[in-house]
Amino acid sequence: QIAVCDRESDAHFRSRVHAMNRMPIALWALTLASFGIGTTELVPMGLLPSIAEDLKVSLFAAGLLITGYALGVVIGVPLVSIIFSRISRKNLLLLLVGGFAIGNLLCAWAPNYTVLMIARVICAFMHGTFFGESYVVAVKLAPTNKQTSALALVAAGLTLSTVLGAPLGTYLGLAYNWRMPFYVIAGIGVIAFVAIALLVPSMKQEQVASLRKQVGVLRRPQVVLALMMTVFGIGGVFTVLTYITPMLEQITRVASRDVSVILLIYGIGTLVGNIVGAKLADRWLIPTLLGALIVLAVVLSSLTFIIHNPIATIITFFIWGGSAFASIPPLQMHILEKASDAPQFVSGLNVAAFNMGNALGAFLGGIVIENPSLHLSALPWVAALVTFIGVFLTLVSLRIDKKL
């Protein structure tokens, strides 16, 4: 009876969306929350030198704030999803967004590096499950032929965090201090909390499959491949992006005040890439994914030579952002197709895989800059190698699909 009621509820939501012939306004509340959460993850990247100087730690240690956040997402996804599996979707979203706002306040108040790391991990625990839940809600509310576009709309908040959040956070951090962006993000969290409470309809959790059945999807080679595609496809991005401020300042010779402008160019590229990638993926899922990853790997390779030229770097950053975020909607839709019987679980896992790629990239980048025989200029080709692994795994997945 629960399953029948849930199907009827889902049908009601979809029929209402068809009647309106547009995306429901509730998705915009989720987009706002994803903007805040995405900004929380990215904003330290433009402020690593300031954080390191204020807290008296090394640049590598400051970079571990990115790695720690990403690992917190990986650990938090299964824990939070299982602990709160019986809570209604709306209440769970409210719990996650509220916890995220509190975590950001703790970041702003952190008196030392240890407290800041703990506060970052608290935010990270909210991150993964939020996106897992919000993606499932987006698919349920969207018309059948616009489900990838609905995913892209929610993910657009993450994209806008790159376009506006990270550059503005960098600007605020440099103009005032590195704590100021976290106060602003906490305020965004409060607004998102109210918007979700008012706009997102109540949706019961489906009769949740047993933990054994959910984990059982990991026995499927295509599901594991999809997760690894996310890890390595995105890992290359963060190998460079984590340390982009010192790269631009030391190699490209860009003034600190101009770093936020270049990050804005990168962010505009992510916005365009997210929209184009979603539209193409609605018709050609795997080809879109494969094409985006190939372009991404080539662009990262080219940064090795282009990073010395400011104009060429700006153009390349736009293409880099576009190819990186064109891959995100098809990656998310691909894994939902491969594990449609456990959508919430695998959505969260894919977000965790994204952040595992983030952690992998930040850690590899840190190793590179700490190695005396290497330098910041070595980051792009290391990043390209990581992304090419993602390309290879996508080709393997495509070959398996053809055999089935």
Side-chain angles (χ1 to χ4, degrees), residues 41-72 74 113-114 116-117 120 124 162 166-167 169-170 173-174 178 231-260 262-263 266 296-310 312-314 316-317 320-321 324 354-390:
E41 181 173 22
L42 297 174
V43 76
M45 294 179 185
L47 301 172
L48 286 186
S50 299
I51 294 173
E53 181 180 358
D54 184 47
L55 299 182
K56 296 178 174 56
V57 297
S58 68
L59 187 62
F60 177 66
L64 290 179
L65 292 169
I66 310 298
T67 304
Y69 186 100
L71 292 177
V74 174
Y113 178 82
T114 301
L116 179 59
M117 179 66 83
R120 291 278 293 167
T162 311
T170 300
L174 294 175
W178 64 265
V231 170
F232 289 99
I234 298 302
V237 174
F238 286 96
T239 301
V240 176
L241 191 60
T242 302
Y243 301 96
I244 198 61
T245 297
M247 282 185 69
L248 290 172
E249 291 176 349
Q250 297 178 32
I251 301 177
T252 318
R253 301 297 180 184
V254 171
S256 297
R257 64 179 181 275
D258 295 328
V259 170
S260 58
I262 295 179
L263 288 176
Y266 172 86
L296 175 59
V298 171
V299 168
L300 287 171
S301 301
S302 70
L303 271 177
T304 303
F305 313 101
I306 290 172
I307 195 69
H308 299 277
N309 185 304
T313 296
I314 290 173
T316 304
F317 268 45
W320 175 22
F354 181 96
N355 282 271
M356 181 61 78
N358 184 336
L360 172 67
F363 184 71
L364 284 177
I367 291 176
V368 170
I369 65 174
E370 288 289 302
N371 190 317
S373 62
L374 298 174
H375 190 257
L376 285 168
S377 58
L379 289 176
W381 63 260
V382 174
L385 289 175
V386 175
T387 303
F388 271 120
I389 295 175

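What's counted below: heavy atoms across the whole structure, side chains too, no hydrogens, waters or symmetry copies.
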How long is the span from the OG1 atom in Thr313 to the CD1 atom in Ile307, to the nearest 0.5 Å?
-> 4.5 Å
Main-chain N/O of Ala359 paired to Tyr69 side chain as donor or acceptor, under 3.5 Å | no
Go through the steps for Trp381 and Phe305 under the test side chain to side chain contact (heavy atoms under 4.5 Å, CB included), then give the verdict.
-> CA-CA 10 Å; Trp381 63 260; Phe305 313 101; over 6 Å; no
Considering all heavy atoms, the nearest Ala166-Leu42 contact = CB-CB, 4.2 Å
Does Ser377 use its side chain to pair, donor to acceptor, with the backbone of Thr304 at less than 3.5 Å?
-> no
Plane angle bin for Phe317 and Tyr266 - parallel if under 30°, tilted between 30 and 60°, otherwise perpendicular | perpendicular
Taken to the nearest 0.5 Å, the spacing of Ile66 CD1 from Thr242 OG1 works out to 6.0 Å
Ser302 side chain reached by Thr316 side chain, heavy atoms, under 4.5 Å | yes
Find out whether Met45 and Thr245 are in side-chain contact, i.e. whether some heavy atom of one side chain is under 4.5 Å from a heavy atom of the other.
-> no
Leu303 and Pro380: which non-hydrogen atoms are nearest, and at how many Å?
-> CB-CB, 3.7 Å
Any side-chain heavy atom of Ile262 within less than 4.5 Å of one from Thr252?
-> no
Go through Val43 and Trp178 one step at a time and tell me if the side chain to side chain contact (heavy atoms under 4.5 Å, CB included) criterion holds.
-> CA-CA 9 Å; Val43 76; Trp178 64 265; over 6 Å; no
Stepwise side chain to side chain contact (heavy atoms under 4.5 Å, CB included) check, Val237 with Trp320 | CA-CA 9 Å; Val237 174; Trp320 175 22; 4.1 Å; yes
Can you check whether Tyr113 reaches Leu64 side chain to side chain, under 4.5 Å on heavy atoms?
-> yes
Sort out for me which residue in Val382, Ile367, Leu300, Ile234 forms a side-chain contact (heavy atoms from CB on, under 4.5 Å) with Thr239.
-> Val382
If you take all heavy atoms of Ser58 and Ala52, which pair is closest and at what distance?
-> O-CB, 3.9 Å
More than 12 non-hydrogen atoms from neighbouring residues, nucleotides or ligands closer than 6.0 Å to CD on Glu370, yes or no?
-> yes
Least distance between heavy atoms, Glu41 atom then Arg120 atom | O-NH2, 3.5 Å
Heavy atoms only: give me the nearest Met117-Gly68 pair and the separation to one decimal.
-> SD-CA, 4.1 Å
Nearest heavy-atom contact between Ala384 and Ser301 is CB-OG, 3.1 Å
Atom CG in Leu47, atom CG in Leu65: separation rounded to 0.5 Å?
-> 11.0 Å
The residue among Val259, Leu263, Leu376 that forms side-chain contact (heavy atoms from CB on, under 4.5 Å) with Leu248 is Val259
Is the count of non-hydrogen atoms from other residues, nucleotides or ligands lying under 6.0 Å from Met356 atom CE greater than 12?
-> no
Interatomic distance, CE@Met247 vs CG@Leu241, rounded to 0.5 Å, equals 10.5 Å
Please walk me through it: do Leu364 and Phe238 pass side chain to side chain contact (heavy atoms under 4.5 Å, CB included)?
-> CA-CA 9 Å; Leu364 284 177; Phe238 286 96; over 6 Å; no
When rounded to the nearest 0.5 angstrom, what is the spacing between CD1 in Ile306 and CD1 in Ile314?
-> 12.5 Å
Value rounded to 0.5 Å, distance of CZ in Phe388 from CG in Leu296 = 9.5 Å
